[in-house]
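Take a look at the structure below.
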Amino acid sequence: MQKSSKSKPVLLFLTLTALIIVLSIISGKIWGGKTESLPDISELKITRDMSIKELGSSNDLPTPVLKEIFSLQSPSDLNKKLSEFGTPEEVKSLVTKKLVLAAEHGSKNWKKILVKFLLWFAFLLSVYFMFKKRKITQASRKITLFISLLIFGVILGSDPGPMGTVKDAIHLFASTGVIFPPRMIALLVFLLMVFFANKFICAWGCQVGTLQDLIFRLNRTDKMKAVLLKQVKVPFIISNSIRIIFLIIFTVTAFAIGTDIIEPIDPFRIYKPLHLGAIGIIFIGVILASSLFIYRPWCHFFCPFGLVGWLVEKISRKRISVNYSTCVACGKCETACPSTVMGAILKRDKKTIPDCFSCYTCREVCPTDSISFSGIKRSIPPEGHFENRKVGS
């Protein structure tokens with residue numbers, strides 16, 4: 001292979017990354033932005049003898065906010081003593097939770113979020129029909145992934161995203177004791193997407209997942225061979241162990257000191273590049289560059305939603321399955337699969353099946369049409385089905 005051919009994936013990677021950064025900056029300026037930071041509640045001045053009005057003047061809380069917090073019915077209620085609502089600690093907890101919820105609500109562009117979810121439903125449904133009509137090929141897959149990251153990342157931004165529903169929910173509750181209901185609804189919707197169609201939101205709708213997937217495909221030929229160096233399939237026991245440990249560390253840190261360790265390195269911020277610090281730039285750069293050689297490294301090694309989604313996909317209604325009555329055990333699907341999951345699905349010689357991102361590469365290369373994305377229950381291969389068969393032959 002000529003040197004120019006080997007450098008092509010790198011040039012495409014750099015071009016794609018630069019394009020996303022530039023377009024995201026332009027998109028961010030068009031949309032404007034609301035602050036996503038929480039109010040400073042650590043310095044609230046509250047004493048037992050205060051009135052509600054005095055609480056407001058001491059902490060710069062406007063009357064409408066006070067009325068919302070204490071459910072005031074008339075202007076005279078501003079003279080009520082805080083002692084009527086509990087101890088100073090209880091009042092502080094009440095005020096804190098209301099302020100946090102108000103800040104969370106005020107930081108969201110609800111019209112854009114509604115549009116984004118509607119487009120997600122429409123887009124994922126169209127991909128599903130492409131599956132049914134067997135329209136997913138190497139070329140159409142790249143185009144579809146690019147369209148997805150362009151719509152749901154560049155144009156509509158990093159928020160919301162599947163990962164944030166888990167990460168932000170844990171951090172918010174750990175640091176303030178507050179649960180933000182709209183975020184839990186979004187998490188439920190995302191998990192239902194996983195339930196109805198195996199990891200579809202991660203595979204085709206997640207802004208970071210589709211970007212990693214596309215980068216991985218840039219380093220592949222039409223025959224599923226790596227162009228630049230070798231593409232590595234990391235054993236699931238390693239990647240999933242790291243992912244579990246990372247989530248534990250994140251959760252413990254959030255509860256212990258109220259710190260979100262993912263925030264500075266959040267890969268979704270590639271779509272908000274002006275908000276990235278030096279650590280974030282370096283980390284995201286490494287993640288994206290490694291995507292040339294490892295399939296979806298953030299999803300497999302770090303993503304909290306990826307871990308939760310992996311558990312839910314065990315009961316997914318639609319997923320990859322194999323018809324062993326027509327399967328010739330050629331192993332082409334296992335070889336072409338970008339991770340170790342197809343080998344586990346195909347041979348069922350291990351109890352644990354890794355994340356399947358429903359990329360449909362397996363179906364694309366199957367010579368006997370023995371692989372389907374359907375509600376058919378996965379079966380066990382007949383005894384001796386793979387004996388004396390050469391994988392990838």
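All values below come from the heavy atoms of this structure, side chains included, with hydrogens, waters and symmetry mates left out. From a predicted model like this one, the values you see are computed outputs, not experimental measurements. In what follows, residues are counted from 1 in the order of the sequence shown.
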Work out which heavy atom in [X] is nearest to a heavy atom in [Y]; give both atom names and the distance.
X	Y	value
Thr176	Leu172	OG1-O, 2.6 Å
Thr352	Trp310	CG2-CZ2, 3.8 Å
Thr144	Met130	OG1-CE, 3.8 Å
Met163	Phe268	CB-CE1, 3.6 Å
Gln231	Phe216	NE2-O, 3.1 Å
Gly177	Lys97	O-CE, 3.9 Å

query: How would you list, by chain and number, every residue that makes a side-chain contact (heavy atoms from CB on, under 4.5 Å) with Leu188, sequence neighbours excluded?
result: Leu192
Within a strict 4.5 Å, meaning less than it, do heavy atoms of the [X] and [Y] side chains meet?
X	Y	value
Met342	Ile320	yes
Leu307	Phe246	no
Phe302	Ile265	no
Leu82	Phe70	yes
Lys272	Asp266	no
Tyr271	Leu211	yes
Ile353	Arg348	yes
Val365	Met224	yes

Mind checking whether [X] and [Y] sit in one hydrophobic cluster, side chains of I, L, V, M, F, W, Y counted as touching below 4.5 Å?
X	Y	result
Ile345	Ile376	no
Ile201	Phe129	no
Trp110	Met184	yes
Val65	Val95	yes
Ile151	Leu125	no

Neighbour count above 12 (heavy atom, 6.0 Å) for [X] [atom1]:
X	atom1	value
Lys81	NZ	yes
Lys45	NZ	no
Lys53	NZ	no
Leu311	CG	yes
Asp222	CG	no

Check for a donor-acceptor pair, side chain of [X] on one end and backbone N or O of [Y] on the other, with a separation under 3.5 Å.
X	Y	result
Thr96	Lys92	yes
Glu334	Gly331	no
Thr15	Leu11	yes
Glu104	Val100	no
Thr368	Thr326	yes
Ser316	Val194	yes
Arg269	Pro264	no
Gln207	Pro160	yes
Thr165	Leu187	no

- prompt: Picking from Arg141, Arg134, Lys135, what satisfies salt bridge (Lys or Arg N to Asp or Glu O under 4.0 Å) with Glu364?
  reply: Arg141
Which residues pass the ring-ring contact (aromatic ring centres under 6.0 Å, His included) test with [X], sequence neighbours left out?
X	answer
Phe293	none
Phe152	Trp120, Phe123
Phe173	none
Tyr360	Phe131

- request: Measure up the Tyr295 and His300 rings against each other and bin them: parallel (under 30°), tilted (30 to 60°), perpendicular (over 60°).
  value: tilted
State the [atom1]-[atom2] distance between [X] and [Y], to the nearest 0.5 angstrom.
X	Y	atom1	atom2	answer
Lys332	Cys362	NZ	SG	14.5 Å
Leu78	Leu55	CG	CG	10.5 Å
Ile52	Leu66	CD1	CG	7.0 Å
Phe195	Leu191	CZ	CG	11.5 Å
His105	Phe180	NE2	CZ	6.0 Å

message: We want to know whether Thr253 and Thr259 form a side-chain donor-acceptor pair, criterion being a heavy-atom distance below 3.5 angstrom.
response: no
- prompt: Salt bridge or not for Asp77 and Lys67, using N-O below 4.0 Å?
  reply: no
task: Start with the C-alpha gap between Phe13 and Asn219, add the side-chain angles, then the distance that decides, and say whether side-chain contact (heavy atoms from CB on, under 4.5 Å) holds.
output: CA-CA 9 Å; Phe13 164 70; Asn219 191 27; over 6 Å; no
field: Of all pairs that satisfy salt bridge (charged side-chain N to carboxylate O under 4.0 Å, His left out), the ones with a partner from residues 186-214, not counting sequence neighbours
entry: Lys199-Glu313, Lys199-Asp355, Asp213-Arg217, Asp213-Arg296
task: Verify whether the ring centers belonging to Phe190 and Phe117 lie closer than 6.0 Å.
output: yes
